[in-house]
Number of protein chains: 2
Amino acid sequence: MTRTRAERGAPTIRDVATAAGVSNATAARALGGYGAVSEEARRRIDDAAAALGYRTNSLARSMITGATNTLGLIIADIENPFFARATRGFTDAAREEGFEVVVTNTDEDVDTERTAVRLFMEKQVDGLVVAPATQAMTEHLQAALDAGTPVVLLDRRVPGLAADSVLVDNRKASEAAVAHLTQHGHRRIAIVTGASLAELEAGAARSGRHLLSTGKNRIDGYLAALRRAGITPQDEYIKVGDFHRDAAGGMTRELLALPIPPTAIFTTDGIISLGVVEALQEHGLAMPEQMSVVGFDDPEWALVVRPRLTVVAQPVYELGRRAAQRLIARIRGDVARPRRHHLPTELIVRDSVTHWSG
Amino acid sequence: MTRTRAERGAPTIRDVATAAGVSNATAARALGGYGAVSEEARRRIDDAAAALGYRTNSLARSMITGATNTLGLIIADIENPFFARATRGFTDAAREEGFEVVVTNTDEDVDTERTAVRLFMEKQVDGLVVAPATQAMTEHLQAALDAGTPVVLLDRRVPGLAADSVLVDNRKASEAAVAHLTQHGHRRIAIVTGASLAELEAGAARSGRHLLSTGKNRIDGYLAALRRAGITPQDEYIKVGDFHRDAAGGMTRELLALPIPPTAIFTTDGIISLGVVEALQEHGLAMPEQMSVVGFDDPEWALVVRPRLTVVAQPVYELGRRAAQRLIARIRGDVARPRRHHLPTELIVRDSVTHWSG
DNA sequence: TTGAAAGCGCTAACAA
DNA sequence: TTGTTAGCGCTTTCAA
């Protein structure tokens, strides 16, 4: 099964050329759509190609042109609706421009990410979009850049890396979400958020250092909103776990078991929102009367759950599109100074927040 | 930006060989991990490679070996949680075996599917997994097979195509779901289901011909369950639209506007379930008292919606894994007769069905 | 164990 | 407009 085309009997340009009675080069020009070919020759070549069932070998072409028309996409988890939607935006935009997409999940693991970058580079992808698992340990991204492969960061930034990033202003968006809570009289407000494996292991979550830019900015926004409202942040209201539903549920139960539990929770991601809402329901807590909730990202179920979930939504599909567009611009030679591309967020007020006058 | 490696200054095996003072061939053997190389030479080559920052060009390798270690995955929509989860299973299993994955969305469009197959073949993928948009017009799949590229079908079968398929017994699963309804006394049971664009345009939905094997089998299962219960199927209770939430909502409203509306609805897909539940809520209908619902697939929100959704669940992740495993077995030379690989489904009884004694 | 040489299927000068 | 001739970077005989 591991044979060259010829061994499998697949016709090459040479075969087509012979059959059409022209030279190798002429057939290549007609089939490749470059250079000048007479009508007459083109017809004979097309006929011969059709008769033989000729198919281009893009590997051979890429060897010479140096372009594979393929983009690498490195994300944490395609199953996470955020990444699924961003991927959709990315692949749609890529296709519009004639590019294909190779995808890998890292599960927020830096080693996996490193391997993916290497593999994609070896495959000669024309560019990479990465949602990096950490801010530190990103030499592999720098190496890609050094090798001349454009890199665009999605959803997360890496300070010091000369690459475009496409994301929302997470700090501002979170501040708006939490301000919505303080404006409703809440003063005991918890945050349930996620971090990558490496960071959790490093205890970074605690210290607040090395957090994903996104996670860190969402916590910062939370803290800023509290401060603005004259509220002193409390450590036991800040929960950092991994990006899974069960982890979020566990953190919620810890919050509820506190001597003085919070009256509101800010969840920083759709999957976390799900875990939190589920745990609150299991606990028999009435939302929003006994517990208000604001989520980040607008999951598909936000409208069918009761109360309907109030959220800060980001334009996820557009994030993916923009990442592709920026990357392709770079591939095509754009040498402008790399910058941060911020897309707007929107606070969507529904029913999961109520006034607190405890 | 479209330059060969040499032009970008990327070192090749030749460069490493020169630096290490050995021949091209010896360096290749050491770096490629094949053939015999002395300890001494290997050390010098590895050092030189590291010093130069050498990276394999897998395109060149694939040209010769005829294998790209890449699998093509062609699905309708990565945003659909069913496909997202299947994709995750697929890529996880592929990676375990040393394969990478290229993905494309077809949106159930046959032309897009055809293009994707051609592109992937030109890229010399080692094999293809396809969730085909139709049963008819599948010459492109036959062509792939003819060219020696293994194909495995995911979730849907194509009669007459000599390819493995990995899916559940949709007829049986649907029959079980609808039987659950008849056992609860329901006699006016509707089905809301999806079909591909081509089929909808062809009016196939009406005639029941050319439906996706999966869609068709789910309708057949529904009809069988009705018949078993001595119920005569009614055309106006059979709704076929596209695989989108809004379409499902629209069909639900049509059902509710009927002179004699159904007392229960069977939804054949997670996204459709969402649209249906949403429309029922908007309509102010009490579930399950005024309307019972059974869904196909177990969406993430099934536990946070009230009533919690009763569903027939399929092992989606495992479906993706199995597809990858079958494909890789084929790539490695398995020539057993192609067969259907059925995975088990499970009826998960929750709260969205109640007895009807109208 | 090593090296020389051929060639995978295609594109890209260059000359005619 | 066409053909000739070199390769792209690697693997793979074959002989030494």
Side-chain angles (χ1 to χ4, degrees), chain A residues 2-45 49 52-69 121-124 126 147-148, chain B residues 2-45 48-49 52-69 121-124 147-148:
Chain A
T2 294
R3 294 167 300 176
T4 56
R5 306 192 78 197
E7 286 167 315
R8 289 206 310 228
T12 70
I13 280 201
R14 274 216 138 67
D15 299 324
V16 177
T18 306
V22 296
S23 78
N24 170 22
T26 300
R29 281 190 271 255
L31 265 12
Y34 60 94
V37 183
S38 68
E39 261 316 306
E40 161 65 6
R42 161 156 289 129
R43 213 184 31 68
R44 291 218 313 278
I45 292 164
L52 293 173
Y54 168 80
R55 288 188 126 114
T56 301
N57 180 339
S58 37
L59 254 40
R61 173 176 295 164
S62 296
M63 280 271 290
I64 301 180
T65 62
T68 51
N69 289 311
M121 296 283 293
E122 291 181 355
K123 273 209 141 66
Q124 317 297 120
D126 294 341
Chain B
T2 294
R3 294 167 299 176
T4 56
R5 305 192 78 197
E7 286 167 315
R8 289 207 309 228
T12 71
I13 280 201
R14 274 217 137 66
D15 299 325
V16 176
T18 306
V22 296
S23 78
N24 170 27
T26 301
R29 281 191 270 255
L31 263 13
Y34 59 93
V37 182
S38 67
E39 260 316 307
E40 161 65 5
R42 163 157 286 128
R43 214 185 30 68
R44 291 217 313 277
I45 292 164
L52 294 173
Y54 168 80
R55 291 187 123 114
T56 300
N57 180 338
S58 37
L59 253 40
R61 173 175 294 164
S62 296
M63 278 270 291
I64 301 182
T65 61
T68 52
N69 289 311
M121 296 282 293
E122 291 181 356
K123 273 211 141 66
Q124 316 296 120

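Quick caveat: nothing in here was measured; it's all calculated off a predicted structure. In the text below, chain A, chain B and the rest are named by the order of the sequence lines, each starting its count at 1.
Residue A/R55 contributes atom CZ, which lies 21 Å from atom P of C/dC8 at whole-angstrom precision. Straight-line distance from the CG atom of B/D15 to the P atom of D/dG9: 9 Å, rounded to whole Å. Going from atom CD of A/E39 over to atom P of D/dT1 covers 10 Å, rounded to whole Å. Atom C1' of nucleotide D/dC10 and atom CG of A/N57 are separated by 14 Å, given to the nearest angstrom. Counting to the nearest Å, the P atom of D/dT1 and the CD1 atom of A/I45 are 13 Å from each other. If you measure from atom CG of A/L59 to atom C1' of C/dT11, you get 14 Å, rounded to the nearest angstrom. Between the C1' atom of C/dT1 and the CZ atom of B/R44 lies a distance of 13 Å, rounded to the nearest Å.
When all heavy atoms are compared, the tightest approach of B/S62 to B/T68 is OG-CA, 3.5 Å. Residue B/G53 comes nearest to B/P11 through the heavy atom pair O-CG, 3.8 Å, listed as atom of the first residue, atom of the second, then distance. Contact record, A/I45 with A/V16: O-CG1, 3.7 Å, taken as the closest heavy-atom pair. Closest heavy-atom contact between A/T56 and B/Q124: O-OE1, 4.0 Å.
With sequence neighbours excluded, the residues forming a side chain to side chain contact (heavy atoms under 4.5 Å, CB included) with A/S58 are B/E122, B/K123, listed by chain and number.
A close approach under 4.0 Å does not occur between any side-chain nitrogen or oxygen of B/T26 and OP1 or OP2 of C/dT2. Taking only side-chain nitrogens and oxygens, B/S62 never comes nearer than 4.0 Å to OP1 or OP2 of D/dC10.
Across the interface with DNA chain C, nearest-nucleotide mapping of A/S58 and B/R42 shows B/R42 to be the residue nearer the 5′ end.
Set against C/dG9, C/dG3, D/dG3, the side chain of A/T12 has C/dG9 as its closest nucleotide. Considering only the side chain of A/Y54, C/dC10 comes nearest among D/dG9, C/dC10, C/dT2. Comparing atom distances between the A/M63 side chain and each of C/dG9, D/dT1, C/dT2 picks out C/dG9 as nearest. In this structure, of C/dT1, C/dT2, D/dT2, it is C/dT2 that holds the atom nearest to the side chain of B/V37.
The side chain to side chain donor-acceptor pair (under 3.5 Å) contacts involving residues 16-29 of chain B comprise B/S23-B/T26, where partners must be two or more places apart or lie in separate chains. Sequence neighbours left out, not one pair with a member in residues 11-25 of chain B passes salt bridge (charged side-chain N to carboxylate O under 4.0 Å, His left out).
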Heavy-atom contacts, protein to nucleotides 11-16 of chain D, under 4.0 Å, summarised as B (base), S (sugar-phosphate only) or - (none) per nt, yield BB----

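For the pair A/T12/A/N57, no side-chain contact is recorded, criterion being any heavy-atom separation below 4.5 Å from C-beta on.
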Side chains of residues 32-42 of chain B: which donor-acceptor pairs under 3.5 Å do they make with residues two or more places apart or in other chains?
unit_1	atom_1	unit_2	atom_2	d
B/S38	OG	B/A41	N	3.1
B/E40	OE1	B/R43	NH2	3.3
B/E40	OE2	B/R44	NH1	2.8

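The C1' atoms of five pairs define one axis at each end of the helix from C/dT1-D/dA16 to C/dA16-D/dT1, and these two axes lie 30° apart (to 10°).
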